[in-house]
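Comments concern the structure below.
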Amino acid sequence: ILLLNRRGFARALQCPDCGYVAECPHCSLPMTYHATENRLICHMCGYRAVVPNRCPECRSDAILLEGYGTQKVEMVLQRCFPDARVRRVDADVTARKGALSAILHEFRGRRIDILLGTQMISKGLDFPGVTLVGVLNADLGLCIPDPRAAERTFQLLTQVAGRAGRGDVDGEVIIQTYSPQATAIQFARHHDTDGFAESELALRQQFAFPPFTHLAVLTVRSEQEELAQFSIATLYKRLRAALPPAVEITEPMPAPIAKAHGQFRFQCTIKSTSSRQVADTCSKEINSLHHGEEITVSLDIDAYSFL
């Protein structure tokens, strides 16, 4: 089993001459090249675009596909192991009803030699014949601006590692990483759940992150960037005055994904020992402002995702 938590063929289309990157016009994300459709696709909103032959900015024909996804790895595997039966499992392949079950049935029947997939193959699979698991580019999850990035990476690695050696033959797990010193990688390497939990909890306590405090995310969205920015700035000033001094609230800033589905997004994060206090105060201030239909305000108490 090989795990790569990135679908598509190449993660971005980039011009080496001027630095242009093909981004989605509706989201602040590079579009991913999908070889099966020969299209650039935004994994946030689904927008599709034709692949240009030349750079739209400088007209250079040196435009390149950067990075790799499951489609490219599948192609490399077929080239390196021409006699092996390789199957790919990702959202593109399993969109058809029953496709995932059919592939896993083939794998269980040993009619597939190499199963390549995204995180959907990391847990719940019990195949005694699997003796080798490989994780490609394990650092992907560590680069996400989220307090739980290390936790999610450790969870994913230990889950997929558990797919190897479930039969009579011992299993082997190989992790490809640029950050072997990362705590999530090292503790996953030794399958040390208690050690990782102790280390991560100490770090979170030091910086007052959950579970030692409640962390809420206030997000304002609008198709008009200036309107969204003005609205969250107004909310921030009101909340600074209404919340007790012990409650921490960060200054407004663009969200990690600053634009999604055609809407600009700005955020504040709020730390408090009382989630009820944050919910009541924020709800009161949000409801007191007449935003209109152009503005959407959301408050996520004990947020699980910060993107």
Any idea which heavy atoms bring Ala10 and Thr32 closest together, and the distance?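 Where Ala10 meets Thr32 most closely, the heavy atoms are O-CG2, 3.1 Å.
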Could you check whether the rings of Tyr33 and Phe9 sit parallel, tilted or perpendicular, using 30° and 60° as the cut-offs?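 It falls in the perpendicular class, over 60°.
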Donor-acceptor contact present, side-chain [X] to main-chain [Y], <3.5 Å:
{"X": "Thr158", "Y": "His191", "answer": "no"}
{"X": "Lys259", "Y": "Pro25", "answer": "yes"}
{"X": "Thr250", "Y": "Thr269", "answer": "yes"}
{"X": "Thr213", "Y": "Ser272", "answer": "yes"}
{"X": "Gln186", "Y": "Pro180", "answer": "yes"}
{"X": "Arg265", "Y": "Leu307", "answer": "yes"}
{"X": "Asp113", "Y": "Ala84", "answer": "no"}
{"X": "Ser199", "Y": "Gly195", "answer": "no"}

Look up atom [atom1] in [X] and atom [atom2] in [Y], then write down how far apart they are to the nearest 0.5 Å.
{"X": "Leu116", "Y": "Arg88", "atom1": "CG", "atom2": "CZ", "result": "7.5 Å"}
{"X": "Ser231", "Y": "Ile295", "atom1": "OG", "atom2": "CD1", "result": "3.5 Å"}
{"X": "Phe209", "Y": "Lys271", "atom1": "CZ", "atom2": "NZ", "result": "4.0 Å"}
{"X": "Cys268", "Y": "Met253", "atom1": "SG", "atom2": "CE", "result": "7.5 Å"}
{"X": "Glu106", "Y": "Ser101", "atom1": "CD", "atom2": "OG", "result": "11.5 Å"}
{"X": "Met31", "Y": "Ile41", "atom1": "CE", "atom2": "CD1", "result": "10.0 Å"}

Residue pair Arg11, Glu66: steps toward the salt bridge (Lys or Arg N to Asp or Glu O under 4.0 Å) verdict: CA-CA 6 Å; Arg11 66 174 179 82; Glu66 299 287 351; 5.4 Å; no
Among all residues two or more places apart in sequence or in another chain, which pass the side-chain hydrogen bond (donor to acceptor under 3.5 Å, both in side chains) test with Arg240?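 Partners of Arg240 under the side-chain hydrogen bond (donor to acceptor under 3.5 Å, both in side chains) test: Tyr236.
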Sequence neighbours left out, what passes side-chain hydrogen bond (donor to acceptor under 3.5 Å, both in side chains) with Glu285? Give chain and number order.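 Partners of Glu285 by the side-chain hydrogen bond (donor to acceptor under 3.5 Å, both in side chains) criterion come out as none, since no residue qualifies.
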For residues 125-140, run the donor-acceptor check on the side chains, cut-off 3.5 Å, and write out each pair with its distance to 0.1 Å, sequence neighbours left out.
residue: Asp126; atom: OD1; partner: Arg166; partner atom: NE; Å: 2.9
residue: Asp139; atom: OD1; partner: Thr177; partner atom: OG1; Å: 2.7
residue: Asp139; atom: OD1; partner: Ser179; partner atom: N; Å: 3.3
residue: Asp139; atom: OD1; partner: Ser179; partner atom: OG; Å: 3.4
residue: Asp139; atom: OD2; partner: Thr177; partner atom: OG1; Å: 3.4
residue: Asp139; atom: OD2; partner: Tyr178; partner atom: N; Å: 2.5

Under the rule for side-chain contact (heavy atoms from CB on, under 4.5 Å), what residues qualify as partners of His214, not counting sequence neighbours?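 Expected list: Ser275, Asp302.
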Among Thr118, Thr70, Asn5, exactly one meets side-chain hydrogen bond (donor to acceptor under 3.5 Å, both in side chains) together with Asp90. Which residue is that?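 Among Thr118, Thr70, Asn5, the one meeting side-chain hydrogen bond (donor to acceptor under 3.5 Å, both in side chains) with Asp90 is Thr70.
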Sequence neighbours excluded, every pair satisfying salt bridge (charged side-chain N to carboxylate O under 4.0 Å, His left out) that has a member inside residues 195-223: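 Listed once each, the pairs are Glu151-Arg204, Glu200-Arg204.
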Short side-chain donor-acceptor distance under 3.5 Å, Arg238 and Ser288: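 The criterion, which ignores hydrogens and geometry beyond distance, is satisfied for Arg238 and Ser288.
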Should [X] and [Y] be regarded as members of a common hydrophobic cluster, given that ILVMFWY residues are connected when their side-chain heavy atoms come within less than 4.5 Å of each other, either directly or indirectly?
{"X": "Phe107", "Y": "Val89", "result": "yes"}
{"X": "Ile257", "Y": "Phe306", "result": "no"}
{"X": "Ile1", "Y": "Met120", "result": "yes"}
{"X": "Leu289", "Y": "Ile249", "result": "yes"}
{"X": "Leu142", "Y": "Val160", "result": "yes"}

Does the pair Ser28 and Glu23 meet the rule for a side-chain hydrogen bond (donor to acceptor under 3.5 Å, both in side chains), with working shown? CA-CA 7 Å; Ser28 56; Glu23 286 193 353; over 6 Å; no
Within 45° cone and under 6.0 Å: Arg152 NZ/CZ vs Tyr304 ring: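 The answer is yes, since Arg152 meets both limits relative to Tyr304.
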Short N-O contact, Asp280 and Arg276, less than 4.0 angstrom: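 Result for this pair is yes, salt bridge flagged.
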Note: Arg48-Glu37 ion pair, threshold 4.0 Å (strictly below):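 Counted as a salt bridge, because a side-chain N and a carboxylate O are separated by less than 4.0 Å.
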Once ring pair (Phe, Tyr, Trp, His ring centres under 6.0 Å) is applied, what residue pairs with a partner in residues 46-83 remain, sequence neighbours excluded?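 Sorted result for residues 46-83: His26-Tyr47.
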